[in-house]
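Data first, discussion second: the structure below is written as structure tokens.
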Amino acid sequence: MGTSDKALGGVMLLAASVVFTYYTTWAILLPFFDSSSQIHNFFPAREWAVRLPAFILVLGLSVIGGFIGKTIAKENKKKAEKARLRTA
């Protein structure tokens with residue numbers, strides 16, 4: 001099990017490094033290249049360099065908020081059931 005965990009960690013680290021390098025090149029370094037350069041063909045429009053992370057942030061916060069809300073509702077239901085059993 002230890003070897004597969006190390007391999008998975010290595011793959012995840014490699015994927016994160018590739019995404020970081022691609023995004024950094026796209027958002028930070030691309031403006032320094034001439035607009036007629038061929039490197040611009042490898043990247044989407046620059047407006048998506050802001051839209052995509054904003055969308056991912058909103059989606060992630062929504063998932064976290066939904067999880068917290070579901071957990072709180074479940075805990076309140078357990079407390080109510082426990083209180084009902086005590087009074088019965």
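For this chain, numbers begin at 1 and follow the sequence in order.
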| Which pair of heavy atoms, one from P31 and one from R46, lies closest together, and at what distance? | CG-NH1, 2.7 Å

| Within a strict 4.5 Å, meaning less than it, do heavy atoms of the K78 and E75 side chains meet? | yes

| query | To the nearest 0.5 Å, what is the distance between CG (L52) and CG (L57)? | reply | 11.5 Å

| message | To the closest 0.5 Å, what do you measure between CG (L29) and CD1 (I39)? | response | 8.0 Å

| remark: Looking only at heavy atoms, the pair that brings R84 and T87 closest together is O-OG1, 3.0 Å

| Would you find more than 12 non-hydrogen atoms of other residues, nucleotides or ligands less than 6.0 Å from Y23 atom OH? | yes

| Heavy-atom pair with the smallest gap, counting every atom of A45 and W26 | O-CZ2, 3.4 Å

| remark: Between the CG atom in L8 and the CG atom in L13, the distance rounded to the nearest 0.5 Å is 11.0 Å

| task | Please check if F42 and W48 belong to a single hydrophobic cluster, counting links between Ile, Leu, Val, Met, Phe, Trp and Tyr side chain heavy atoms closer than 4.5 Å. | result | yes

| query | Considering only heavy atoms from C-beta outward, does the side chain of Y22 approach that of F43 to under 4.5 Å? | reply | yes

